[in-house]
Every structure is written in C-alpha cells, then in structure tokens.
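Below is one structure, written out as structure tokens, with a few remarks after it.
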Amino acid sequence: MGTTLPMSVTPAGTVLPARRPYHLLRTLSCGQAFRWRADGTGAAGVFAGRSIRLEQRRGAIAVEGLEGDGVSGALARYLGLDQPLRSIERELGHDPVLARILPLTSGIAILRQDPWECLASFIISAFNNIPKIELTIARLSERFGDALPGGGRAFPQPAALADAPARALRACVLGYRAPYIRSVARLVTSGSVDLQAPFALTYDEAKRMLLELPGVGEKVADCLLLFAYGKAEAFPVDVWVKRAVERWYFRGDAKTEREVRTFARRRFGSLAGYAQQHLFSYHRSQRTGSPGPRASVR
DNA sequence: ATTCAGGTGCGAG
DNA sequence: CTCGCACCTGAA
C-alpha cells in the first residue's frame, strides 16, 4: 500500500488531503498511540524525529513542523489517510450494533506505527491504566530519548533501553514490566529479533513470532499486528472490548477472552480491527463519561 | 483501607 | 491446555 497521495507545501506548512469521514482527533485519541497531546483543535506529537502539530480543517490535515523533510507521504501513511474508511464503515454498518455506534465513532483510522515504539508501549500497557501508561512513556522518552530539533524527545531507541540501569527504569514507573522492556530491547539490539519480519508474514505466522517475546501475550500481540503491521484482521481483546462484546452480542453472558476473539474474527473478518476500535472507543467513552470518542482523552 | 487499571507468566490440575 | 493467582504502582 505504498501510496503517494497528492500534497502541497505552502509557507504555512504542509497540507495532507483527508477524505471523509476521516477524523484526526478520534484516530489519535482512541488508545492506539500514547504520545499525542490533543489541544482542542489539533494534536501535538513526534513523527520522524520532529516535533510536529496536526490540525484537521475541512478535508485536509495541516502539518506544522515538518517543512522540507520529505516525509509527508510517510506521515499520511502513519495517519492512515490512505485507508478507505467510507467503504469500511459502510461494510461494518451491516452489523446492527456497529450501525448504532458508528455515528459517534466514525472516522477512526488504524495508525501504522513504528514496530519498536508500538511493542514497548503495549508491553507497558499491560495491567496498567492510561494515565500511568502515558506517564511512563513520557518519562522514558525524557530520560532515554534523543533530543529533537524543535524541542521534545524522541521515543527511546532499543539500544538506549537495553543498557539502562534498573534504577533508572524504575524511576519511570515501569514496575514489574521493566525486565520485559529491557529484554525485548536487548533482543532487538542484538539482532536476534527482526521487527521488520512480521510485515512479510501472515497474521498467524507473525502472531506466533511475536508471542515468543517476553511480556507479549495474545492481547499485546494483536495490538502490534493491528497498530504497527497493518494486519486489520487482528482483534485485540482487552477488558473494555470483552465487556462490550459480552454485553452487546451475548446479552451480558460471560465469555472467555478466546471466545470473544474467535467470535469477532469470524463476524468481522478482515475488518475486525476496525470493529474493535469502534467498540472500544464507544464503550470506553460510555464508561468514563465525557469527553467521549470525539474529543481528546487527557 | 481496598479496589481497579487496555495482561502476562507461572504452576497446578 | 485450561484455570487461578501474583504482580509494580498510583489514583479513586
């Protein structure tokens, strides 16, 4: 899917075309990535070693901070601007539950994140809560990430974490996940694990490989397959999605994690990942009250 | 104080 | 192979 979308560069910055129903803030704030800071109209974060800010305005994404870097195409791909959301949501809308939810969650694309950052981030997410996940990743970046030209820090390179003293990792509130992070960092740094490999593998093959990594179980593996490797048939089952599926598809009857995953992949097929995002986003917004899927989650 | 939070790795049956 | 449980840590 190496798309080359048309784009334009103006003195004000770069502008990427975004087709309806693409929704930038919903995409960046539904738990796929943990470093974007929404600020009402847009979001600030790091991409390709630059601190940038994004803002959606009628059919386009305005980008500040990326002038002349020649990575606009890569950014468009990262943001999922090339994904046919209209037809995807039309298809998902055949499901009565999703048909009811979609008006509130429409426009969520699947990000194409860097595999390493995604791996480390979702290991950290295990048995954790979002504010603390964000805190941990922010501290790791501040302490171990490369300084960026426009201020801010990159997500830490594997090598930076591979050699990190246990004490320094503890200061980032990693808790019991610290050894997992250091282990995967060493595996990647040493070359014994190739994080590019899953791109060329099938969903099942790639999942089998990822499950070998310390700290990576079914849920984290599916997050990686979906958010980094573009395997849209992945359906990560976390506590929120499990509850949502039990409630809306099984009248509240308890199901095992495996049953939920099997059910979803069967029902939604190659679009299971999108279905998961809508279910997760909607259910979580209900539980946590406002601001809802449309706005930022601080 | 007790419970919960976007699970995973264990050992036991 | 399924099931039950401990687990860093901070906020409610």
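In what follows, chains are A, B, ... by sequence order, proteins preceding strands, each numbered from 1.
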Quickly work out the A:Asn128 CG to C:dT9 P distance and round it to whole Å.
11 Å
Expressed in whole Å, how much space separates the P atoms belonging to C:dA6 and B:dT2?
15 Å
Can you confirm whether the side chains of A:Tyr274 and A:Gln83 place a donor and an acceptor under 3.5 Å from each other?
yes
Separation of B:dG7 atom C1' from A:Phe235 atom CZ, nearest Å, is 16 Å
Respond yes when some side-chain nitrogen or oxygen of A:Arg258 is under 4.0 Å from OP1 or OP2 of C:dT2, and no when none is.
yes
What is the distance, to the nearest angstrom, from the NZ atom on A:Lys242 to the P atom on B:dA5?
12 Å
Between A:Arg243 and B:dA5, does any side-chain N or O lie under 4.0 Å from OP1 or OP2?
yes
If I take atom NZ in residue A:Lys219 and atom P in nucleotide B:dG9, what distance separates them, rounded to the nearest angstrom?
13 Å
Once you apply a heavy-atom cut-off of 4.0 Å, does A:Glu257 come out as touching a base, just sugar-phosphate, or nothing?
nothing
Checking all strands, does A:Pro214 fall into the base, sugar-phosphate, or nothing category for heavy-atom contacts under 4.0 angstrom?
sugar-phosphate
Once you apply a heavy-atom cut-off of 4.0 Å, does A:Val220 come out as touching a base, just sugar-phosphate, or nothing?
sugar-phosphate
Answer with base, sugar-phosphate or nothing: what part of the nucleic acid does A:Val216 contact at a heavy-atom distance below 4.0 Å?
sugar-phosphate
Check for me: is A:Phe127 stacked on C:dC7 by the 5.5 Å centroid and 30° plane-angle rule?
yes
For the atom pair CG (A:Leu201) and OH (A:Tyr203), what is the distance rounded to the nearest 0.5 Å?
13.5 Å
Shortest side-chain distance from A:Phe280, nucleotide among C:dC7, B:dG6, C:dT9:
B:dG6
How far does the P atom of C:dA11 sit from the matching atom of B:dT8, given to the nearest Å?
24 Å
Can you measure A:Leu169 atom CG to C:dT9 atom C1' for me and round it to whole angstrom units?
15 Å
Could you tell me if the ring centre of A:Phe235 sits under 6.0 Å from that of A:Phe280?
no
When rounded to whole Å, the CG to P distance for the pair A:Asn129 and B:dC4 reads 14 Å
Look at the rings of A:Tyr78 and A:Trp36 and say which category their plane angle falls in: under 30° parallel, 30 to 60° tilted, over 60° perpendicular.
tilted
Taking CD1 from A:Ile137 and P from C:dC8, how many angstroms apart are they, rounded to a whole number?
20 Å
Closest approach of A:Tyr229 and A:Pro115, non-hydrogen atoms and distance?
OH-CB, 3.4 Å
Closest listed nucleotide, where the reference is the side chain of A:Arg177 and the choices are B:dG7, B:dG9, C:dC8
C:dC8
For A:Gly217, answer base if it contacts any base atom (sugar-phosphate contacts may also be present), sugar-phosphate if it contacts only those atoms, and nothing otherwise; contact means non-hydrogen atoms under 4.0 Å.
sugar-phosphate
Classify the nucleic acid contact of A:Leu211 as base, sugar-phosphate or nothing, counting any heavy atom under 4.0 Å across all strands shown.
nothing
For B:dT8, the Watson-Crick or wobble partner whose two distances fall under 3.5 Å:
C:dA6
Side-chain N or O of A:Arg170 closer than 4.0 Å to phosphate OP1/OP2 of C:dT9
yes
Using the P atom as the point on both nucleotides, what is the distance between B:dT3 and C:dC5, in whole Å?
14 Å
Checking the side chain of A:Glu55 only, and the main-chain atoms of A:Glu64 only, is there a donor and an acceptor separated by less than 3.5 Å?
no
Interatomic distance at C1', B:dC4 relative to C:dC7, whole Å
14 Å
What's the CD1-P distance between A:Ile133 and B:dG7, to the nearest Å?
8 Å
More 5' along DNA chain B: A:Gly215 or A:Lys132, using each one's nearest nucleotide?
A:Lys132
